[in-house]
Structure formats: C-alpha cells, structure tokens
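Okay, structure first, notes after.
We use all heavy atoms of the structure for the numbers below, so side chains are in, but hydrogens, waters and symmetry mates are not. Below, read A as the first sequence line, B as the second, and so on, with proteins coming before strands; counting in each chain starts at 1.
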Number of protein chains: 2
Amino acid sequence: MSPQELITQLRSFLPPEAVLHETEDLKPYECDGLSAYRQLPMIVALPHTEEHIVKVLQLCYATNTPVVARGAGTGLSGGALPHAQGILLSLAKLNQIIAVDPLARTARVQPGVRNLAISEAAASHGLYYAPDPSSQIACSVGGNVAENSGGVHCLKYGLTVHNILKLRVLTIEGEVLEIGGESLDSAGYDLLALMTGSEGMLGIVTEITVKLIPIPEKAQLVMATFDDVQKAGNAVANVIAAGIIPAGMEMMDKITIHAVEEFLHAGYDLEAEAILLCESDGGTGEVADEIERIFTIMQQSGATKIRSSQNEAERLSFWAGRKAAFPAAGRVSPDYYCMDGTIPRKQLAQVLQGIEQLSREYGLRCMNVFHAGDGNLHPLILYDANQPGELEKTEEFGGKILEMCIHAGGTITGEHGVGMEKINQMCTQFRSDELAMFHAIKSAFDPKELLNPGKAVPSLHRCAELGAMHVHQGQQKFAELPRF
Amino acid sequence: MSPQELITQLRSFLPPEAVLHETEDLKPYECDGLSAYRQLPMIVALPHTEEHIVKVLQLCYATNTPVVARGAGTGLSGGALPHAQGILLSLAKLNQIIAVDPLARTARVQPGVRNLAISEAAASHGLYYAPDPSSQIACSVGGNVAENSGGVHCLKYGLTVHNILKLRVLTIEGEVLEIGGESLDSAGYDLLALMTGSEGMLGIVTEITVKLIPIPEKAQLVMATFDDVQKAGNAVANVIAAGIIPAGMEMMDKITIHAVEEFLHAGYDLEAEAILLCESDGGTGEVADEIERIFTIMQQSGATKIRSSQNEAERLSFWAGRKAAFPAAGRVSPDYYCMDGTIPRKQLAQVLQGIEQLSREYGLRCMNVFHAGDGNLHPLILYDANQPGELEKTEEFGGKILEMCIHAGGTITGEHGVGMEKINQMCTQFRSDELAMFHAIKSAFDPKELLNPGKAVPSLHRCAELGAMHVHQGQQKFAELPRF
C-alpha cells in the first residue's frame with residue numbers, strides 16, 4: 001500500500017494531528033537516546049486509545065507494514081530506531097495512571113506514563129515504584145517494560161520484570177492478551193517475563209500493573225575512597241559475601257571522579273583511583289546495623305577514606321556526583337558513547353584493566369561509572385563525532401568491551417537492551433540453536449516479522465557473515481553428539 | 001516403531017537396568033503425588049548422563065514417541081502422569097551437585113538433586129537455597145523448575161523462578177540450550193522464565209544454577225489465635241499493609257487445628273476459628289523490631305491469644321502443627337485431595353466462606369491450611385475413594401473452588417502447576433487468543449508435540465467442548481473491535 005493510502009487509512013480512525021508524515025514532523029522521531037543511529041520513519045502515528053492502536057496494528061498486519069513502538073525515546077540501544085518503510089507508533093498519548101490500589105499495593109498505568117510519575121502518584125500512600133533508571137524523570141513505563149530497565153536500586157529491588165504483575169498486550173493482529181496476574185505464580189507459560197525485555201518485537205503493551213512498595217523509613221549512604229581499583233572491586237565482593245544486599249552499590253573511576261568534581265564540586269577525593277557509594281535502606285535499626293557493617297568491610301578492604309551520610313542533604317550530595325556523571329561526560333567531551341554490559345562481580349578489577357588497555361589502544365578516553373553490586377558496567381567512551389572515523393573507532397572499542405564481558409562470563413546487556421546497538425554481539429553471546437529458538441518464538445507472536453524488524457535478535461545469516469566465534473557465558477561449547 | 005524395537009534402540013546406548021518395560025517394573029511410575037490419576041507408561045528410561053538424554057530425545061523425535069519427564073514424582077497436579085504410548089524419562093540418576101560457589105553464591109546441580117540436599121551442601125558456607133516446598137526432603141530441583149514450586153517462605157524469597165540463574169536445557173531434537181546467566185538481566189527473550197513452570201512441555205532441563213542466600217542470623221515466629229476467620233484474614237491484610245513482608249505467613253482453620261492437635265498435641269488453641277503463624281527472619285535487631293510490630297498488628301486485628309516463640313525449639317514446635325497438616329488429614333480421612341489456587345489477599349475471608357458453603361453442598365469436609373501472605377490456598381478435601389462416586393464429587397468440588405479463585409481475580413495454581421488436574425480450568429482462566437499463544441510457543445519448541453502431551457495447556461477444541469465461560473482475572477472480556 002502506498003504511503004498516501006496508508007495515511008488516508010490512518011486518518012479514517014485517528015485525529016488529523018495524530019498522523020505525521022512531513023519531514024519536519026518526522027525529524028524528532030529519527031532516533032532515540034542512541035543518536036549515532038538515525039532514520040526517518042515513513043509515518044508517525046500517535047494513537048490516543050487502545051482501540052486506536054488495535055486499528056493501527058490491524059492496518060499494518062493487513063498491509064504488511066512494519067511498525068516500531070516508541071515510548072519517551074530515552075532508550076540507549078536504538079530499540080526505537082524507526083523503519084524507513086514503516087509506521088513509528090508513539091505511545092506518548094497513552095499517559096494515564098488508571099488506578100492506584102494502596103491495599104493491593106499496585107498501580108495500573110498506561111505505557112506512556114513517566115516512570116517517576118508512578119512514585120509521585122503513590123507517595124501519598126507511603127508507596128513507590130522501585131525501578132529507577134537514571135532517565136526516570138523522562139522515560140516511560142512502556143519503554144521500561146520493553147527494555148526490562150533497571151537502575152541504581154535494582155540490586156536490591158530487581159529489574160522491571162521483578163516489579164510488574166500484569167500486562168495488557170496487543171498482538172500484531174490487534175488481539176488482546178492479558179498476561180500475568182496479581183499472585184506470585186500464574187498458570188500457563190510465563191508470557192509476562194517473555195514479553196518484558198522483548199523490545200517491541202512480540203507485541204504492543206497497552207496497560208501495565210506495577211507493584212508498589214513502602215517508602216523505606218530511612219536511607220543512608222557510605223562513600224569509600226580507594227587508591228586502587230582492584231581494592232574497590234574486592235570491597236564490592238566482600239560486602240556481597242557478608243550477605244549484605246545494599247540498596248545500591250555504585251563505583252566511579254578516577255577519570256569520572258575528576259570530570260564530575262570539576263562539574264559540580266561534590267567533594268569527591270581527587271586522589272582516589274576509585275570511589276564506592278554503598279546505600280542501605282529500610283527500618284532505622286536495620287539501616288544502622290547495616291551501615292556499621294558496611295563501614296567495617298570498607299575499612300578491612302583497604303579504603304583510604306570512608307564517610308557515611310549524617311543526614312538526607314548529605315546523602316543526596318554524595319549521590320549528586322554519580323547522578324551527574326553523564327552530563328559531566330558531555331562537558332569534558334563533545335560526544336560520548338554509553339556502553340552497558342554485565343559481568344560476574346569477581347571479574348570487576350580484571351575487566352576494568354582490560355577496558356583501560358583498550359582505551360590506550362584506541363586512543364579514546366573511557367569513563368567507568370557503574371552498578372558495581374550487580375556487575376553492570378556503564379563505560380562511557382569519550383569521542384568527537386566531527387573527527388572523521390572516530391565514531392567508527394568508538395563503536396569498535398565498544399564492541400570489544402562487550403565481547404570482553406561475554407568472555408568474562410557476563411552478558412552484553414545489563415539494562416539497556418540489545419536494540420540495533422548490540423545485535424552483532426548477539427552472535428557471540430548465543431549459539432545458533434539458541435538464536436533459532438528466539439526466531440521461533442518471534443514467529444509464534446509475529447509470523448510476518450512486522451514488529452520492530454531487524455532489532456534485538458540477529459538473523460543466522462547475519463551471524464554467519466560476521467563469522468562471530470560463539471563464546472557462551474565464558475563456557476566452552478557443548479560437544480554436539482552424533483545425531484541418532 | 002514397535003515397543004520392542006524402541007527397547008532395543010534404548011538398550012543400544014543405555015545400560016540394561018536403565019530400560020524398564022515389565023509391568024511390575026513400570027508400576028512405581030504409574031502416577032505422581034496426584035494418585036487419583038494413574039497410567040502405566042510403555043517404557044521407563046533411566047538415563048545416567050546428559051548424553052543419554054540427548055540420545056533418548058533424538059530417538060523419540062525420530063520415531064514420534066511421546067516422552068514424559070519425571071523427577072521425584074512428588075508433584076500434586078499429575079504433571080508427570082505417564083503416556084500409554086510413551087517413554088517415561090526418569091531424571092532420578094542425574095543427582096549430582098556439580099559445584100557450590102560461595103563467592104558467587106550459586107550452586108550448579110543436576111535435575112535429580114533433592115531440594116533439601118542443596119541447602120545441606122551449602123550450609124558449611126552459611127548459605128541455603130530458599131524455595132522450600134513441603135516435599136523438600138524428597139522432591140527434586142528439576143521438578144521444582146518444571147512446576148515453579150514455592151513453599152512457606154516464597155512470600156519473602158520468591159518462587160523457583162526467582163531463585164535460579166541459569167538452565168541447561170535439551171530440546172526435543174536433543175539440542176542444547178544454555179539460558180539465563182549469572183547477571184540480573186540477560187540478552188534475548190527471557191527463556192529462563194519461559195522454561196520455568198512449563199511442566200516438561202518445552203524441553204528437558206539437564207542442569208540448574210540456583211541462587212544461594214545467607215542463612216538468616218535469626219528467625220522468630222508469632223502465633224495468633226482468632227475467634228473469627230474474617231478477623232484472621234484482615235490481620236493478614238494489615239500486616240502486608242504495614243509494609244511488612246514476613247518470611248512466612250500461614251493460616252489454619254478450625255477443622256485443621258483440631259486434626260493436627262489430636263495428631264501431635266502442638267498446643268494449638270482448640271477454641272480458635274483460625275490460627276495465624278507469622279515468621280520474621282534476618283538480623284537480630286531487624287527481627288526484634290518486626291516481631292514487635294507484628295505482635296501489635298495481631299492485637300489491633302482482634303487476636304484472642306498471641307504468642308511469640310522464645311527460642312528455636314519453641315519456634316519449631318509452633319511450626320510442627322502446620323507441617324503435619326497433610327499427614328493429619330490422612331489420619332482423619334481415608335483420602336484427601338489437596339487443592340492449590342491463589343486469590344488476592346483482600347478476598348481471603350470471602351473465598352473461605354464460599355469454600356465452607358460448597359463443603360456443605362457436597363457433604364464433604366474441607367480443611368483449609370494455606371500460605372495466607374500470598375493468598376495461596378491449599379484446601380484439603382476429605383473423601384473416601386471406596387465410596388462410589390465420592391472421588392468424582394471431590395473433583396467437582398475442587399473444580400468449583402478453582403473457578404471461585406478465578407472469579408475472585410486469582411489464578412488456578414499457586415505452586416503445584418496445572419498438569420492433568422486443572423487442564424479444564426485453563427479454559428476458564430484464559431481466553432482463546434491467549435491459549436492460542438501458548439500453543440504457538442509450544443510448537444516453537446516442540447512442533448511434533450512429543451514433550452508431555454496433553455498436559456498444562458488444553459486444546460481449543462477441548463475448551464469448546466467444555467463450553468467453559470471465560471472469566472479473565474475477575475475482569476470482563478475485552479469487547480473485540482471489528483476487524484480492519
């Protein structure tokens with residue numbers, strides 16, 4: 001069907017302003033948070049209701065038109081990169097908080113609701129929604145579900161999949177699936193988990209029931225300074241080994257410390273090779289005990305300076321630097337590329353050394369700021385897009401980091417998803433039988449491959465062309481037995 | 001292929017004692033914990049290694065032979081009921097704990113390892129494996145994964161899916177899938193959650209990496225007596241509303257209290273209409289705080305007697321009655337049927353009244369003992385299989401209870417799975433589009449439908465014949481829009 005015919009069809013059930021096709025109207029949708037990849041969609045549709053979405057999907061299905069869902073566009077892996085011959089389906093107008101149930105401790109929300117807006121709506125009941133990606137002021141819950149987003153506190157409170165109960169989902173044919181339930185277990189295959197993190201490849205989420213948890217009575221933060229990254233890495237392992245699950249455990253390396261300190265003078269120690277921020281939250285007594293234990297472990301792990309926040313203002317000031325790491329990177333470099341990989345905690349020091357070495361090889365600076373507690377690295381590669389070839393070098397450097405994560409027994413995503421960005425590394429992470437299973441699941445939901453085509457799961461052909469050497473979770477490949 | 005040919009093929013790669021086909025050898029495998037359903041398999045295979053299983057599966061795939069996996073056979077929903085023309089694949093011989101890693105706090109185990117054996121192996125490191133089904137002395141981890149088992153402590157520590165990190169799985173074609181990872185998130189669709197609770201319908205698990213957590217410093221139990229079930233139900237809601245997540249919160253009704261008290265004189269109050277057991281675990285200070293708060297809430301909720309355990313011996317004696325509920329049922333009735341449904345906590349009192357009414361209608365006694373904290377009911381219907389028609393009446397009564405759970409906004413399984421037992425209620429729980437999606441996923445993994453055929457997911461044809469009225473999570477069916 002021609003673009004013009006599609007537009008006419010869309011306008012038959014969508015308000016005129018909800019169908020965009022002029023270049024200047026399409027421009028704001030050309031990329032998400034991963035600005036290195038840009039593509040104008042053919043059409044942007046901005047449905048207001050679930051019924052609108054059903055009709056858009058039925059149209060796409062009937063006309064074999066690709067459809068890419070988009071939330072707030074804060075994603076960092078290019079998952080919402082438009083399709084040139086497709087409809088960009090913005091869920092921004094579905095932004096209602098339908099209900100907050102303080103007794104059941106749940107909230108029913110539409111996908112376009114901002115992450116932070118849920119906690120704001122629940123605050124009067126003393127409740128909040130735990131997952132807190134750094135983009136939480138702007139990012140939408142639908143996008144969080146699509147990418148299974150985490151945040152500083154996911155070490156203790158889990159990722160999005162651990163904090164949602166029910167999803168209302170539309171299939172590519174426009175059929176409604178209601179999956180999950182209010183109880184821990186639910187009958188049938190776990191479609192809730194399958195849908196979460198599927199990056200818009202399996203269906204379109206139109207309603208999300210999230211868990212709310214009580215706002216902790218108290219939160220306190222320990223800031224520990226180390227003269228050696230290895231020691232800081234060991235301190236992380238020692239805290240976990242002591243059976244403590246901190247509310248958050250964040251690490252910054254020297255270059256990051258300097259960048260943020262110049263930026264907002266948080267009072268970070270410029271002598272430090274690494275700074276650990278370790279938060280405890282819960283009941284007052286519980287927090288006091290835990291902070292004391294963390295303090296001791298930091299001492300035993302060789303921290304050169306240790307401070308614990310004495311009040312809420314101080315706690316926030318300790319956090320300020322960490323939260324400003326990305327803007328700080330923007331100040332010290334024209335461009336930066338935020339990576340997202342996860343490794344077993346015990347490999348922290350070794351992988352950081354590897355990154356440092358790559359940084360020298362590529363002649364590109366790299367800031368390391370990350371969720372140390374769950375081994376989720378966020379190296380920020382600093383580059384200048386105006387220097388010819390530097391973006392390409394940066395992407396290659398980034399790819400090497402991800403492959404190092406896999407070799408260390410980790411994975412290529414911590415919380416940002418695969419999207420366009422890491423699709424090649426999927427060939428290294430998974431063997432062909434596993435990729436084939438992903439494709440089989442994809443076609444169970446979307447046989448025509450119209451939902452966000454080309455993202456998240458590479459074709460076996462692509463992997464073959466790359467000739468990527470499969471390394472599975474740092475393990476050797478299972479020796480295939482002769483067929484019966 | 002004829003049974004004799006299959007046996008010959010199996011014996012070509014399995015030791016002679018690992019292939020059973022004489023009726024007396026097959027008899028022990030005719031049912032699992034749900035003894036109301038019995039069926040002899042054609043052949044029982046007892047592989048010793050993953051390579052053995054690969055070959056069994058390749059044989060089944062090549063010859064279109066159904067294969068039903070079985071762990072310890074303690075399942076309560078008939079998930080391991082054999083197939084008359086199929087191979088019963090016992091995983092009992094794969095019972096090795098491959099590795100315990102105290103630093104990563106994980107254990108790698110084979111599927112035939114007993115649930116409790118993991119905690120025994122980890123105890124020397126001060127760690128344990130949290131999920132604790134009441135059958136944990138006997139049940140195997142592979143079965144726990146297949147049914148996504150829970151236990152008394154899953155309110156705080158989650159179900160099996162929340163306590164495993166990686167699975168090594170064989171497809172029906174004998175291909176290896178390694179799914180999940182050591183980090184919170186992993187790339188690609190969430191096959192780990194999809195496989196967990198899939199009741200042997202999607203693949204055969206050959207290795208499981210479980211999370212280990214530190215043994216709590218302290219555990220203490222509050223026992224509260226109520227003269228009214230409604231008040232006990234409200235007490236449960238009040239504890240949760242106060243933001244407390246108890247390690248366990250169990251409820252017993254009058255008939256249960258009397259049955260267990262006669263059995264082992266645990267010191268339960270025979271005047272009580274309901275008894276709540278509410279456990280707190282963690283650091284000493286934390287537990288002291290929480291127990292005090294729970295005590296106060298029980299008082300405010302109108303408990304007539306409240307005691308908190310003063311030492312470990314007393315804590316265990318309080319638990320003794322709850323743990324003996326099933327054997328106690330066996331003493332007061334020739335047979336009993338253990339149901340497993342889940343409802344929103346706020347519906348507790350109402351559903352219990354409904355069960356009481358059904359109990360009168362059917363003239364069958366029903367003991368109520370359950371995980372009150374997460375609304376997971378385990379009504380025990382007491383009957384006599386030797387009374388003609390009483391089993392049928394019992395099953396009908398049970399079915400009514402499950403449908404009541406669905407109408408209350410709950411689900412037909414809490415932790416026992418669907419298996420054969422609840423397959424008809426799946427037609428009530430899910431609409432046809434959802435069942436169709438389950439079937440699509442099934443055929444993505446097992447196109448020939450050889451893995452545990454006829455379990456867990458009913459055919460649309462079966463549902464149509466039952467003419468079950470779809471009631472989705474207590475909600476109205478979405479009005480389908482006209483097709484584009």
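Interface remark: A:Lys442 contributes backbone and side-chain atoms alike to the contact with chain B (heavy atom separation under 4.5 Å). The parts of A:Ile441 that come within reach of chain B are both its backbone and its side chain, each placing non-hydrogen atoms under 4.5 angstrom from that chain. A:Leu191 touches chain B through its side chain: at least one heavy atom from C-beta onward sits under 4.5 Å away, while N, CA, C and O do not. Heavy atoms of A:Ile245 lying under 4.5 Å from chain B belong exclusively to its side chain. Within the 4.5 angstrom heavy-atom criterion, no atom of A:His125 approaches chain B. Neither the backbone nor the side chain of B:Asp340 comes within less than 4.5 Å of any heavy atom of chain A. Heavy atoms closer than 4.5 Å to chain A are found in the side chain of B:His162, but not in its backbone. Proximity to chain B (any heavy atom under 4.5 Å) is shown, for A:Asn238, by neither the backbone nor the side chain.
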Test side-chain contact (heavy atoms from CB on, under 4.5 Å) on B:Asp433 and A:Glu178; report intermediate values, then the result. CA-CA 10 Å; B:Asp433 290 341; A:Glu178 284 181 294; over 6 Å; no
Test log, rule side-chain contact (heavy atoms from CB on, under 4.5 Å), inputs A:Met437 and B:Leu202: CA-CA 11 Å; A:Met437 191 51 69; B:Leu202 303 182; over 6 Å; no
Between A:Val176 and B:Arg431, does a side-chain contact (heavy atoms from CB on, under 4.5 Å) hold up when you go through it step by step? CA-CA 9 Å; A:Val176 175; B:Arg431 69 168 67 94; 3.7 Å; yes
For A:Thr196 and B:Asp190, run side-chain contact (heavy atoms from CB on, under 4.5 Å): C-alpha distance rounded to whole Å, both residues' side-chain angles, the deciding distance at 0.1 Å, then the answer. CA-CA 8 Å; A:Thr196 308; B:Asp190 190 346; over 6 Å; no
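For B:Lys455, there are no salt bridge (charged side-chain N to carboxylate O under 4.0 Å, His left out) partners, not counting sequence neighbours. Considering only residues two or more places apart in sequence or on other chains, B:Lys211 meets the salt bridge (charged side-chain N to carboxylate O under 4.0 Å, His left out) condition with none of them.
The choice from A:Pro344, A:Gly414, A:Gly375, A:Pro447 that makes the most heavy-atom pairs within less than 4.5 Å of chain B is A:Gly414. Contact count against chain A (heavy-atom pairs under 4.5 Å) is highest for B:Gly243 among B:Gly126, B:Gly158, B:Gly283, B:Gly243. When each of A:Pro214, A:Gly282, A:Ala193 is checked for heavy-atom pairs under 4.5 Å with chain B, A:Ala193 comes out on top. Put simply, of B:Leu435, B:Val457, B:Thr411, B:Leu192, the one with the most heavy-atom pairs under 4.5 Å next to chain A is B:Thr411. Of the listed residues (A:Val161, A:Thr171, A:Leu194), the greatest number of heavy-atom pairs within a distance under 4.5 Å of chain B belongs to A:Leu194. Of the listed residues (B:Ala241, B:Gly188, B:Ala456, B:Ala242), the one with the most heavy-atom contacts under 4.5 Å to chain A is B:Gly188. Your options are B:Leu57, B:Ile213, B:Leu159, B:Val418, and the one with the most heavy-atom pairs under 4.5 Å with chain A is B:Leu159.
Atom CD of B:Glu434 is separated from atom OH of A:Tyr189 by 15.0 Å, given to the nearest 0.5 angstrom. In this structure, CZ in A:Arg105 is found 6.5 Å from CD1 in B:Ile240, a value given to the nearest 0.5 Å. A distance of 8.0 Å separates CD in B:Glu286 from CG in A:Asp289, rounded to the nearest 0.5 Å.
Nearest heavy atoms, B:Arg345 versus A:Ala104: NH2-O, 4.2 Å. Closest of all the heavy-atom pairs between B:Thr413 and A:Ser186 is CG2-C, 4.1 Å.
In this structure, the side chain of B:Gln429 does not engage the main chain of A:Ala187 through any donor-acceptor pair within 3.5 Å.
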